[in-house]
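Scroll down for the structure; my scribbles are underneath it.
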Number of protein chains: 2
Amino acid sequence: MPTIKDVAKSAGVSPSTVSRVINNHPRISSETKKRVEKSMKEIGYHPNIIARSLVKQKTNTLGLVMPYSTEEAFADPFYSEILRGIGSVAQNKEYSLLLITSNGMKEELEVTLKAVRSKRVDGLLILRARSNDKLLKELKKLKTPFVIVGRPEDEKNNFWVNNDNIESTKKLVEYLIGLGHEKIGVITGDSKYIVYKDRLEGYKRALEDNGIEYNPNYIIQTTGHHGLTTKYTKELLESYPKLTAIFAVDDLMAYGAILGIKELGLKVPGDVSVVGFNNNPLSQLITPSLTTVDINIFELGSTATKSLINIINKEPTEYYHEIVKTNMIIRDSCGGYKG
Amino acid sequence: MPTIKDVAKSAGVSPSTVSRVINNHPRISSETKKRVEKSMKEIGYHPNIIARSLVKQKTNTLGLVMPYSTEEAFADPFYSEILRGIGSVAQNKEYSLLLITSNGMKEELEVTLKAVRSKRVDGLLILRARSNDKLLKELKKLKTPFVIVGRPEDEKNNFWVNNDNIESTKKLVEYLIGLGHEKIGVITGDSKYIVYKDRLEGYKRALEDNGIEYNPNYIIQTTGHHGLTTKYTKELLESYPKLTAIFAVDDLMAYGAILGIKELGLKVPGDVSVVGFNNNPLSQLITPSLTTVDINIFELGSTATKSLINIINKEPTEYYHEIVKTNMIIRDSCGGYKG
DNA sequence: CTGAAAGCGCTAACAC
DNA sequence: GTGTTAGCGCTTTCAG
């Protein structure tokens, strides 16, 4: 593999001149520039990024901290889609992407810190927001730039990009309320994920603003496991047969809920209306098609990446966050309340 | 950030000694080793991987060439799952993962070659097999090690890992035949993907071995777009109402097909049996639950990664490939033929 | 506008 | 078993 020296020789200039043309240095005669470029072509030269990184003390690489749970990713196009969003801007701005995967919280912490300490990455995209996140504390100690996709607990002292989950959920639940529903069950996930907390909060606020009493018994918590969701939904409806609607914090959970409702011999939306969240592409295909909220995953990814690159290069003095808009998508899974 | 020199000073040894303890050099006294390790802890030293890569002329990084189409990834946990498989062995063997994404064939080629030429990666995992793949040719010119997940056209001159799609499909279709079905429609995808070619081939062989005539009119080709799949399925069944079963080369297509069948007022499996492929986690949740083939995605990823690392380090003289087993999963979407 | 020289942080002969 | 030295390929002062 040819190096900058080979090009220099071939073009009859010094290595530093070659470096200058590579880096588009302004003060360089267009003649020598052409000559050098010609030599590079001829020789088949390509700059060695590792060497460049070493001297520049930056890698032009972003680390992507992926959630480790399988269940999370279960049938969920979220990660494919957010990677597309991230990839598109990284590409554009000449950044590479280092994937950081793990099989648990401890490993995640170790592996991520290692990537940072060993200077593999210039910054990190954290693809989840979790309560009491040790990783964030450690990263701050190391002064690594990072952006969280999601809302962190400490909103004021982090860079983050998120949907407005509370407000979006409130709207969604108010849509149900508008249809006449008052007794609305909720299927939610592990409360260590802030996204689920926020959506539950949105639900509460919708009730509150509309003078409906909040009943914690209507809330069930499930995992990514669908069989369980189905089971829990059935149990919920058997305990509280007056429920006329179900709000699931994720479309996948809504699928499980619909199945449970059907297994009880009830109809969707005839007997029970169902809404989900995230607008999984399958939601338009199931029967009935699911009313849900599109969260613009691609944009979540691209916005976070732009932010991170900006933070790396500009070192802003104040923390900030960005909100990506959601759109409610009304389909066939909800009907009016028939007292 | 402390460097090896700082550690050397603090421990009262030379940088090379420090380097030796980092790299577990055999001839080093356990005393100095301890002393150096203590200093590293105290100072908070972590080796700079970039510098190491430069001198060692290898990065301990694997490039992952992701397919670029959105439609592919549509609701498909394939990529989450294969990344898990890849990540688990990469982690284990101390390799990092560089994500290579793109928005089209040309960009994919450019970006991938750039990663190789600029020495960012030691080898590549190509997460798709495509006909007439220019990328493969270029990578061979560059003598980059790479492993394909899927079966490449030129089987003999590549390293690859795949399911036995032909044989697995044959079994699946023979299951339908065993139920009495003879007129079996097929829903397939873009034939530039070899996986679809192979599954079609398996279908043909099943018919052939069982003395059933092959009718190309029973084959329809769709894209990742579900609405289309539904539409095409309806057209197919309207043109050939004698079809009693449908084989879809992917579960997601099977979902579209089932919807189409239902929209025609027919029952699954009462009137038409349906089988899919890949065992998407949702397939157990839909109604009826889908008979399909589990392809062990995690193992596909881990096997490919092990192979690649092996190839990078051992430089084997002969090409080889590995086959990951599949399991047919019988559920409720098929019934006996009722003439 | 261009060249010489130093150095990024680490490893690997080669000495001793 | 440990230190000295050179150098991986590139950028970047500093001269001129």
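Proteins get letters first, then strands, A, B, ... in listed order; numbering begins at 1 in each. Being a predicted model, the structure only gives us computed values, none of them experimental.
No donor-acceptor pair closer than 3.5 Å links the side chain of A:Glu322 to the backbone N or O of A:Ala304. Judged purely by atom type and a 3.5 angstrom limit, A:Asp122 has no side-chain atom pairing as donor or acceptor with the backbone of A:Lys58.
Salt-bridge annotation for A:Glu31 and A:Arg35: absent, with no side-chain N of the basic residue lying under 4.0 Å from a carboxylate O of the acidic one. The residues B:Lys34 and B:Glu37 are annotated as not salt-bridged, no charged nitrogen and carboxylate oxygen being separated by less than 4.0 angstrom. Using a 4.0 Å cut-off between charged nitrogen and carboxylate oxygen, B:Glu299 and B:Lys306 do not count as a salt-bridge pair.
One interatomic measurement links the two molecules: NZ of A:Lys9 to P of D:dC10, which rounds to 13 Å at whole-angstrom precision. Rounded to whole angstrom, the span from the CG atom of B:Asn48 across to the P atom of C:dC8 amounts to 12 Å. Between A:Arg117 atom CZ and C:dC10 atom C1' the separation is 19 Å, expressed in whole Å. Distance NZ (A:Lys5) to C1' (C:dA6): 13 Å, rounded to an integer number of Å. Between the CD1 atom of B:Ile28 and the C1' atom of D:dT2 there is a distance of 7 Å, given to the nearest Å. Counting to the nearest Å, the P atom of C:dC8 and the CE atom of B:Met1 are 16 Å from each other. Atoms CD1 (B:Ile4) and P (D:dT2) sit 15 Å apart, rounded to a whole Å. Look at NZ on B:Lys58: it is 9 Å from P on C:dA12, rounded to the nearest Å.
Within the 4.0 angstrom heavy-atom criterion, base atoms lie near A:Arg27. A:Val13 comes within 4.0 angstrom of sugar-phosphate atoms only, judged by non-hydrogen atoms across all strands, and of no base.
A donor-acceptor contact under 3.5 angstrom links the side chains of A:Ser29 and A:Thr32, judged on distance only. Under 3.5 Å, the side chains of A:Arg120 and B:Thr61 contain a donor-acceptor pair of N or O atoms. Using modelled atom types, one finds no donor on one side chain facing an acceptor on the other under 3.5 Å when comparing A:Thr305 with A:Lys93.
Ranked by how close their nearest DNA chain C nucleotide is to the 5' end, A:Pro15 and A:Pro26 are led by A:Pro26.
OP1 or OP2 of D:dT11 has not a single side-chain nitrogen or oxygen of A:Gln57 nearer than 4.0 Å. For D:dT11, one of the phosphate oxygens OP1 or OP2 lies less than 4.0 angstrom from a side-chain nitrogen or oxygen of A:Asn23. A:Ser29 has a side-chain polar atom (N or O) that falls below the 4.0 Å cut-off from OP1 or OP2 of C:dT2. Residue B:Ser14 places at least one side-chain N or O closer than 4.0 Å to OP1 or OP2 of D:dG3. Of the side-chain N and O atoms in B:Ser19, one or more sit less than 4.0 angstrom from OP1 or OP2 of C:dT11.
Residues B:Arg84 and A:Thr101 fail the side-chain proximity criterion, which asks for heavy atoms closer than 4.5 Å.
Of the residues in residues 30-42 of chain B, those with a non-hydrogen atom less than 4.0 angstrom from any atom of DNA chain D are B:Thr32.
Of all nucleotides listed (D:dT2, D:dC10, C:dT11), C:dT11 comes nearest to the side chain of B:Arg52. Closest to the side chain of A:Val55, from the set C:dG7, C:dT11, D:dG3, is C:dG7. You'll find that the side chain of B:Leu54 is closest to D:dG9, out of C:dT2, C:dT11, D:dG9.
Identified under the ring-ring contact (aromatic ring centres under 6.0 Å, His included) test for residues 302-322 of chain B, with sequence neighbours left out: B:Phe159-B:Tyr319, B:Phe159-B:Tyr320, B:Trp160-B:His321.
For C:dA5, the base has no donor-acceptor partner in the side chain of A:Ser16 [N/O atoms by modelled type, under 3.5 angstrom].
With the end axes of the helix from C:dC1-D:dG16 to C:dC16-D:dG1 each set by five pairs, the angle from one to the other reads 40° at 10° resolution.
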